[in-house]
2 protein chains.
Amino acid sequence: MKTDNPDKISELLRKKGEKVTPARMAILEVLSDCSCLLSVAEIYDRLREQNIKMNYSTVYRNLEVLCRNKITEKIAFPDGAKFKLFDEGKHTHHLICKSCHRTEILSYCPFEDVKKIIKSNTNFLPLEHKLEIYGYCEKCQKK
Amino acid sequence: MKTDNPDKISELLRKKGEKVTPARMAILEVLSDCSCLLSVAEIYDRLREQNIKMNYSTVYRNLEVLCRNKITEKIAFPDGAKFKLFDEGKHTHHLICKSCHRTEILSYCPFEDVKKIIKSNTNFLPLEHKLEIYGYCEKCQKK
DNA sequence: CTGGCTGCAAAGACTTTGCAAGGCT
DNA sequence: AGCCTTGCAAAGTCTTTGCAGCCAG
């Protein structure tokens, strides 16, 4: 994620016909600097830490625009929705700590053929999938 | 799910030291009669359809008690949390329709060995997992 | 009986919306 | 310049809580 540079991101916005604003760039930078998924509140807090004062409604509205344009992605978790940069073509596989709720991204997918199995066994047409692994992260295991 | 009878359910409650009340039995019956997962509003509506007038707060409070006792289970979805009877020892694998949001339960798990792979490749301790397949259900494919 | 459960109403948390002012292209 | 975006405040939605009365054990 860290490899995304601001120019690439701003071009993405322009291409989709959305304006490139400081607010959007700041939100994308926060998500880009983070290896885990962030809630709206966490994004808001990290912006403030960087002395970027942004209204909550602006954060919400921009995340809506970014998700609509598949630049970011909203994912539901037991403790609320979280956001990350959109993984083009990739699946959403996560490691979720049951203690601190930190959510890491698992870049590993062993399940491509599962869709085929479902297709042949049910009447459901599978398109995307999402795998979440719950357990304890390194830090919380030590406690 | 349909096989669960009321006596079994009420004994489960008693065993956990929770009172067996009409409200709890009614909620459990709604979930038991359903092959998919239900939101709080859907549970409330189905109760009303059966002429059972129950306060929203009672639905919330009882779902909290039932989930705490692992009799029901709360699962986060993009369009909000949903509930189902707890699958003892089973995983949570779902087929979620991108059109009508109906959520079916998939009783098939090809991934038991995935945990082992994660254990050997990361510092995360995997305990439970959840797989969601998004696509179109039979009805919505026809539209 | 007695403590937990229920309904009601109100508060709380999170998210969305309307409007005027400001900024991007 | 024109339209989209922003901040602010207010409204909406979903969920939780306090309290008085009720019910299961």
Side-chain angles (χ1 to χ4, degrees), chain A residues 6-7 9-30 37-48 50-69 71-83 101, chain B residues 6-7 9-30 37-48 50-69 71-83 101:
Chain A
D7 293 346
I9 292 177
S10 60
E11 195 184 335
L12 248 175
L13 276 168
R14 240 185 293 274
K15 215 186 292 177
K16 306 268 188 168
E18 303 287 355
K19 289 194 173 164
V20 179
T21 68
R24 281 168 196 176
M25 294 309 288
I27 290 171
L28 288 169
E29 198 153 325
V30 165
L37 293 97
L38 299 175
S39 67
V40 172
E42 285 165 341
I43 293 168
Y44 179 86
D45 290 343
R46 295 201 180 198
L47 289 168
R48 299 217 88 187
Q50 296 174 29
N51 289 311
I52 299 172
K53 206 174 158 292
M54 194 185 305
N55 198 274
Y56 253 108
S57 59
T58 304
V59 180
Y60 276 107
R61 278 191 279 222
N62 280 320
L63 285 170
E64 196 278 321
V65 169
L66 294 169
C67 288
R68 179 154 38 77
N69 286 288
I71 294 169
T72 60
E73 199 170 348
K74 178 183 183 176
I75 297 171
F77 287 105
D79 60 330
K82 294 190 180 180
F83 296 82
H101 300 110
Chain B
D7 293 347
I9 292 176
S10 59
E11 195 184 336
L12 248 175
L13 276 168
R14 239 185 294 274
K15 216 185 292 178
K16 306 268 188 166
E18 304 286 355
K19 288 193 173 167
V20 178
T21 68
R24 281 166 196 177
M25 294 310 286
I27 291 171
L28 288 169
E29 197 153 326
V30 165
L37 294 96
L38 299 174
S39 67
V40 172
E42 285 165 341
I43 292 168
Y44 179 87
D45 291 342
R46 296 201 179 197
L47 289 168
R48 300 216 87 187
Q50 294 174 29
N51 289 313
I52 299 171
K53 206 175 158 291
M54 193 185 305
N55 198 276
Y56 253 109
S57 58
T58 304
V59 180
Y60 276 106
R61 278 190 280 222
N62 280 320
L63 284 169
E64 196 278 323
V65 170
L66 294 169
C67 288
R68 179 155 37 77
N69 287 288
I71 293 169
T72 60
E73 199 170 347
K74 179 183 183 176
I75 297 171
F77 286 105
D79 59 329
K82 294 190 179 181
F83 296 82
H101 300 110

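- Under a 4.0 Å N-O distance rule, the pair B/Arg68/B/Glu64 qualifies as a salt bridge.
- Atoms NZ (B/Lys15) and P (D/dG25) sit 16 Å apart, rounded to a whole Å.
- The distance from the CZ atom of B/Arg61 to the OH atom of B/Tyr56 is 15.0 Å, given to the nearest 0.5 Å.
- One can place CZ of B/Phe83 at 14 Å from P of D/dC14, the figure rounded to the nearest angstrom.
- The main-chain N or O of A/Ser57 is found under 3.5 Å from a side-chain atom of A/Asn55 such that the two form a donor-acceptor pair.
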Could you list the protein-to-nucleotides 21-24 of chain D atom pairs, N/O on both sides, closer than 3.5 Å?
{"from": "D/dA24", "atom 1": "O3'", "to": "B/Val20", "atom 2": "O", "distance (Å)": "3.3"}

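- Boundaries of the chain B contact region on DNA chain C are C/dG3 to C/dC8, first to last in 5' to 3' order (nucleotide atom under 4.0 Å from a heavy atom).
- Residues meeting the side chain to side chain donor-acceptor pair (under 3.5 Å) test with A/Asp45, sequence neighbours left out: none.
- Electrostatic pairing of B/Glu42 and B/Arg46 does not count as a salt bridge here, judged by no charged N lying under 4.0 Å from a carboxylate O.
- Between its opening and closing five pairs, the helix from C/dC1-D/dG25 to C/dT25-D/dA1 changes axis direction by 50°, a value rounded to 10 degrees.
- Contact annotation for B/Ala41: no contact, since no heavy-atom pair falls under 4.0 Å across all strands.
- Side chain of B/Lys82 to main chain of B/Ile75: no donor-acceptor pair is present (N/O by atom type, distance under 3.5 Å, no hydrogens or angles).
- Of the residues in residues 51-65 of chain A, A/Ser57, A/Tyr60, A/Arg61 come within less than 4.0 Å of DNA chain C through at least one heavy atom, sorted by number.
- Distance B/Ile43 CD1 to D/dC14 C1': 14 Å, rounded to the nearest Å.
- For A/Tyr60, the ring pair (Phe, Tyr, Trp, His ring centres under 6.0 Å) test picks out no residue, with sequence neighbours left out.
- One can place OH of B/Tyr44 at 14 Å from C1' of D/dT15, the figure rounded to the nearest angstrom.
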